[in-house]
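Below is one structure, written out as C-alpha cells, with a few remarks after it.
Residues take their numbers from the sequence shown, with the count starting at 1. Keep in mind that what you see is a predicted model, and the values were worked out from it rather than measured.
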Amino acid sequence: MAGKKRPPTALAEPEAAGGPSSQEVAAAATAAAEAPAEKKKLAKKKKLAMERKKQRKELDKERHRQPAESDAAAKPKPQQEPVAAAAPAPPAPVVSGPGLHMNVFRDLASPEASQREAAAEALVAELRQVQKAHEKSGRKGGSGAEGGDAPPKMEAEKDDGLENCAPSVGYAIRRLIRGISSSREFARQGFALGLTVVLESIHAISVEAIMKLIPKLLEYSASMKGPEAKDNLLGRLFGFGSIVRSGRLSGQWAHEKGSPIVKDFVNEVVKLGSTKRYLTEPAVAVILDLAGKLPEKAILSEILEAPGVQDWFNRASDAGDPDALYLALKLQEKTNAQKEIFGKLLPYPFSPEFFFAEEHLLSIAACFKESTFCLPRIHSLWLVITDMLVREAASQNDTVTSSSKKHKKNKKGSSSEDTKKNLHTFCEVIIEGTLLLSSHDRKHLAFNILLNLLPKLSPSSIQVILSSKVVLGLMDVLSNESSWLHNAGQHFLKGLVSLVSDDNDRRVAFIINLQKYSSGRFDCMTKTKTVKDLVTKFRSGQDCLCLVQSLMSLFVDESSVTDEPSDQSQTTDENSEVGSIEDKDLFGQGSADLLKSWIVTTIPCVLKNLKLTSKGNSLTDSEMVKCIEEKFQVQTEVLKFLAVQGLFSASLGYEVTSFELHEKFKWPKPAISTSTRNECIEQLQFLIEDAQKDEALHVSEIKSNDLGFYFMRFINTLCNIPSVSLFRTLSTNDDNAFKKLLDVESLLFYEERKVGPGLDSTKMHAMRYLLIQLLLQVLLHPDEYWEAAIDVTICCKKSFPSIIQNDKSSGQPSNEGGAEEFNEDGSGKSNENGLEETNDDTSEDSNEDGPLEFMDVLVQTFLSALPHVSGPVCFSIEQVFRLFCDEITETGLLDMLRVVKIDLKGSRHQSGSDDDEDDACVDIEDDDETVVEDAESGDTDSAAGGLDEEMGDDSADEVDESQDDLNETVDPEAKDGDGAKATKDGDDSDDSDGMDDDAMFRIDPYIARIFKERNLPGSETKQSQLMRFKLRVLTLLEIYLQRNTGKNLVLDVYSFLMQAFVKSHSADGSEQFKQRIGGILQKRIFRAKDYPKGGDVEFSTLESLLEKALKLASRSRYNTVASVAQNATFWLLKIINSKSYSKQELASVVDKFQYILTDYFNNKKSRLKLGFVKEVVRRNPWIGEELFGFVLQKIGCTKAEYRRVQALELIDCILKSWAGDDSSASKVLKKHLSQLCELIQDVLTKIPENKSRRQEVRRFCTRVLQTVTKLNLKERFQKKLNPETLSLCEAQLGAAFVRFKK
C-alpha cells in the first residue's frame, strides 16, 4: 500500500499507528474497483465537450492539492516496521475513526438544488464528527502528541488561524473557499452554501481567520485580468456573504460588544465593492443582509459609522452612485435614523415629502442616471423608490379610511395632495427631466420603471405618469422603426395595453392621455391600432357611457392640451430619432382641432360595440328590451353632445342650464372651428342612420326609443332657450326650410302614432327620418338644399293629406303655398321665392298635357339631391323610395334611367342616322374583313381606336359607341317618325343640330351643378361626382326591380341599363360601375322569378331588343358584354315564348338567328360562340327546327374547317332537341334528307386531319344514322345516298355504318 495514492472516496482522516486493517483495505479495493464505473457514469451525464474538459481540469487540480493525504497513508508504515522487528510487541488496536468523503465536494457543484443541500448536510455531519474526534484526542493525549505519537496532519502547518480545527476541517475550509471562485456549473452556489453551514455548525473556526483566509486564498491584483480576476473577486464576495449568512458575525458582536469585527467586515466589503462596478450592488446586498441580523443600535454604530461607509456616502451624490443611495434608503428604512449621516443622499430630517422634493431630487439625479449600467435588469434602487411611492399611496388610502371614520377631512385632503404631489414631482424631475432627456439606455430604463410602477398605483395616477413628455417620447420611438429603442417602445406599449385591458377605469384614463397629448393621432403617428383596439373593448352600456362621458369632458376642457408643453423636441436628445417636420407641426397650431375631431369621430364608434348581432336573436324578450334601452341611453348622450357642440352656441358665457331638460350644457372656451362643427353634424347623420337601421332589425315596442323623435324634440327645446342660438345665422330660404321641416316632422310623428302599425305608419316613419336628415343637410350646406327640403315637405302633405288638418301654419303666407299650387298645375321646379316655373322646352312629351304626378315630383326631388348629399341622406332616400316605388310612373323611371346613361366626356352632337346609332349602341364590329385577317386569332379591329373621330364620318360601320355619349337605342316605330316613342326610349332630342350646354342643363337640371362646378384643388372631379350619382341612382333602380320584376317597365329599364353597360366598356368607364350594372342585369332581371307578362308588350319592342342583344353576343369585342347579351337573349326569348304571337312574328325571330349565323359562316370577324346558339336550341326546340335546313345549307359554304366542325355540333344539338317529338322531327328530316346526305358526303370527303375534329365528324355522322333509324327513315335515307357516299361511309364510319345497313 505504501507509495500509492488513496482513492477519492477514502477517508481523509489519518490512519491508526497499527497500519490499515483488513476492512479498510477491502473498502479501498472496492472503491478503487468502483472508480472507473463512477467515471463512466459521470461522463455520460456530461453532454458538452467543454464541460468534460473543465471537469478533468478540476479533478487534476484537486489531486495536486493533497499530496500530504497520500503521504499520510504511506510514510507511517516504513517507520513502524523496524520498531516492530526490534522489539516485538502486541499488535496495536485498530482505530476506525471518523473521516471526510471527497464525493460531497463533487455533489456541491450539482445543478440540482436538492442535491447540493444534501451534500452540504453530509459535509457538516462528517466535519462535526471529525472535529469532535480531534478535540477528544487532543484532550486525552496532549503529551503523546508532543512525543511524536500524534498522527500527522493532512497539510503542513500554516499560520492561518485554524490551529484549533481538525486537519480535515481545515482542508474542507480551504477547499470550500477555493470552490466559491469556480465558475463551473453551480460550484459557486454550492460551495458558498457549504461554507455557510460549516461556519454556522463548527464554532471552532474563527471568523477573523476566515476573513483573512478568503483574500489570501483568492488573490487579486490590479494586474490580473480576464476570467481569473473575475472569479476571484466573485469568490471573495460569496465568501463574505457566507460569513454573514452563517450568523457568526452578528453572534460574535453580540457576545463581544466592543469588538470591531463588524466595522472591519463592512470596510472589507465596501472596499471589495469599489473594486469593480458590477460588485457594488451585491456588496450592498451583503451589508443589508448583515444589517438584517443586527439590532438597530448596532446598525447605527457599526455599519453607518464605519469609515468606508461614511466616505462612500459623502462622495456618492456627486459621483452619481445608485448603490450608495440604495444602501442609504434601506438603512434609513431599518433604523429611521434622524441624523446627518447619509451625506447629501437623504434629506435631514428624513420624510417622503422632503425626499421627493424637487430640490433634493435634482441633487441626486445623477444617481438615478447611473443606474442604467445593469440593463436590461432594473437596479434594486428602483424597487425601493417604487415601494416608497406605492407605500405613500397605500398609507394615503388607509388615512382616508381612518379619517372618514373620525371625520378628519383636513388630514385626509392633505395626505392625498402630498401623495399626488410626490408622484408628480418624481415623474417630472427624474423620469421626464432626467431619463427621457438622456441616452437611449435611460429612455429604456424610464419605460421599464413606469411599466413596473403603474400596476401598483390607482387608475387616477395614470394621468400623472403618462404625461405629455412620456407620450410624445413614446411616439417618437415608435414612429421610427429603425430606432434602437423601437423594440423597447413596443414592449412598453404592449405592457401598458395588457395592464389596462381588464380595467375600465385604467383603460379610459390610458386612452384619454394618449390622445390628449398626441392630438388624437397616436395610432396614426405610431402606425399601430392601440387606441382603436382599446375602444372596441368597451362592451356593456355602462362601460361605453363611462368612456363617452370622459371624451365629452376632454372635448370641453379648455386646458386639455395647453396645460402641457407641446414641443416634441423636449423628449429627444442628440441620440434620438426626431420625427419629420410635418409630424412636429402636429403638436403646434391646430392640435386642439385635431383632438376635437378625433373625439367627434370616436364617440359614435363606441355605439358599434353595442350593436345587437345575430346572437341577440337568442335573447329573451326582457333581455332584448334591456339591451335596447342600454343602447338608447348611450345614443341619447352621444346625440345631445353632437347636437349641442355642432348645431348650437351660447350667446352668454360657456354654460347654459336647461330647466326643462334638467341638464347643464357646456361649450369649450376656444370657439369651435367650422370644420369641427361640420364633423359633428355629419356624425349626427350617421348616428340617426344607424338608429334607423337598428329599428329595421329589432323592432321595439317602446315608443320613447325613437331616436329621431328624441332629436327633434331636443332641437326644439334648445331653440326655445333665449341664451342659445344656432351656430350660424340662416338665410331666409334656409330658415324657412328649417322651420317647415320641424313642423312637418312633428305632424308626421303624431299622425304615425295615431294610425298605428301598418304600411302607412311605416311610410310616415321613413319620411320623418328623411326630413331629419334633410334638416341636418340644410344646416351643413347653406343655401343648397332648401329647395329639395321644401319639395319633400310638399310631397309629405300630398301623400298624407290627413296631416294638413293639423298644420297650424297653413293659414300663414309661406312659400309652400305657391309651390303646392304649382304642383297641381304641372310645372317644373321651384324658383328662389318658393314658386315654380314652367319650362316648355324641357318638359317631356308625355307630360305636356297633364300635371306631374306625386311620384314624379318625389323622384325629381331625389335626383336633384342625390349628386352631393351625404351617405345617410341617401340611405333615407332609399328607404322612402322602397316604400313608394310601386307608384312610380314611366316618366319618373325614365328620368332615373337617363342619368345612368349620361356622360361628361363625349361629344353632345348626335348623328342624324338612326342606323348609325343602333350600331354604336350595341358596340358591333365593322364588316370590313380587311381590318382583321383572321378572327380566330382574337385580334380586335382598328375601330377601337376611333374614339376621337368626327361624328359626321360617312362610314357608319366604323362609328364607335364611345364617340356619342348620348346616343340611345330607339324602337322601329321611332325610325318611322314617332317622336314620342323615341323619347320613351331615352332620346331627348332627335334633331341633328346638336345641343349646347344650356340645352343640356334644361334636360338634366339636377346635374347642372356637376357641369358648372369648378374643380377645386383637392376636390372631386366632375367625372367622379357623376359616377357617384349614377351608382346612387342604380341603387334606386335595383330597389324598384326587386319589387316590380313583372311590370312592363322592366323592358325600359333593361334597354337603358344594357346601353349604359355597353357604353361603360367602350368609354373605359369605372370598373365598379360596370360590375354594378352587370350585377343588376343578371341578378334582378335575368334571374328574377318573374318577368314581364302583360298583354300590352309589343312584339316589335321585343324584336328590336332581341336583335341588338344578338348583335352584341356575336360581335362585341368584350367578353363580359357578350356574356350579358347571351343571358339577355335567353330572357327575351322566355318573354316571347310566354306570349301567343303569330307564326309570322316568330319567323322574324328565326330571321335574327339566321342573320348572326350567316355572319358567322361568312365573316371571320364574327365572335359568335356556337355554344350559345346550341343553348338557345336546347331551351327553344322550335328555333332549332327552323334553323335546321338553314344550317345544312350554310355548312357547305363555310371555308373555315373549325367553324364547319362547330356547325356539325350545332346540327347534332338540333337532332338531340327533337327527343320526344318524333312526328315533327320526321317531317323536318324528310324535307332536308337530300341536303343531309350531301353534307355527309362533303364532310367525309374533306375529313379533317386533326384527330379531335375527325372524331367529331364521325360522331356527327353516327348521330345522323341513329336519328334516321329512330325515325324509320332508313330506307329513304339509303336511297338518297349515292355510291360514292356509301363507300365513304363504309370507309370512314366502319362498324357504325355496318350496323346501320343491317
Rounded to the nearest 0.5 Å, the CZ atom of R442 sits from the CZ atom of F368 at a distance of 13.0 Å

F426: ring pair (Phe, Tyr, Trp, His ring centres under 6.0 Å) partners, not counting sequence neighbours:
none

For residues T372 and D441, report the shortest heavy-atom separation together with the two atoms involved.
CG2-O, 4.1 Å

Indicate the atoms forming the closest heavy-atom contact of F538 with C544, along with that distance.
O-SG, 3.4 Å

Any Lys/Arg nitrogen of [X] or [Y] sitting under 4.0 Å from an Asp/Glu carboxylate oxygen of the other?
| X | Y | answer |
| --- | --- | --- |
| E333 | K330 | yes |
| E682 | R677 | no |
| K631 | D694 | yes |
| K640 | E663 | yes |

Test side chain to side chain donor-acceptor pair (under 3.5 Å) on E432 and S467 and set out the steps.
CA-CA 9 Å; E432 302 171 13; S467 61; 2.3 Å; yes

Taking the ring of F648 and the ring of F665, is the distance between their centroids below 6.0 Å?
no

CA sep, side-chain torsions, deciding dist, call: H379, F373, ring-ring contact (aromatic ring centres under 6.0 Å, His included)
CA-CA 9 Å; H379 195 280; F373 72 91; 5.7 Å; yes

Run the side chain to side chain donor-acceptor pair (under 3.5 Å) check on T425 and N422 step by step: do they pass?
CA-CA 5 Å; T425 306; N422 292 343; 5.7 Å; no

Sorted by chain and number, sequence neighbours left out, salt bridge (charged side-chain N to carboxylate O under 4.0 Å, His left out) with E358 holds for none

Can you tell me how the ring of F350 sits relative to the ring of F355, calling it parallel under 30°, perpendicular over 60° and tilted otherwise?
tilted

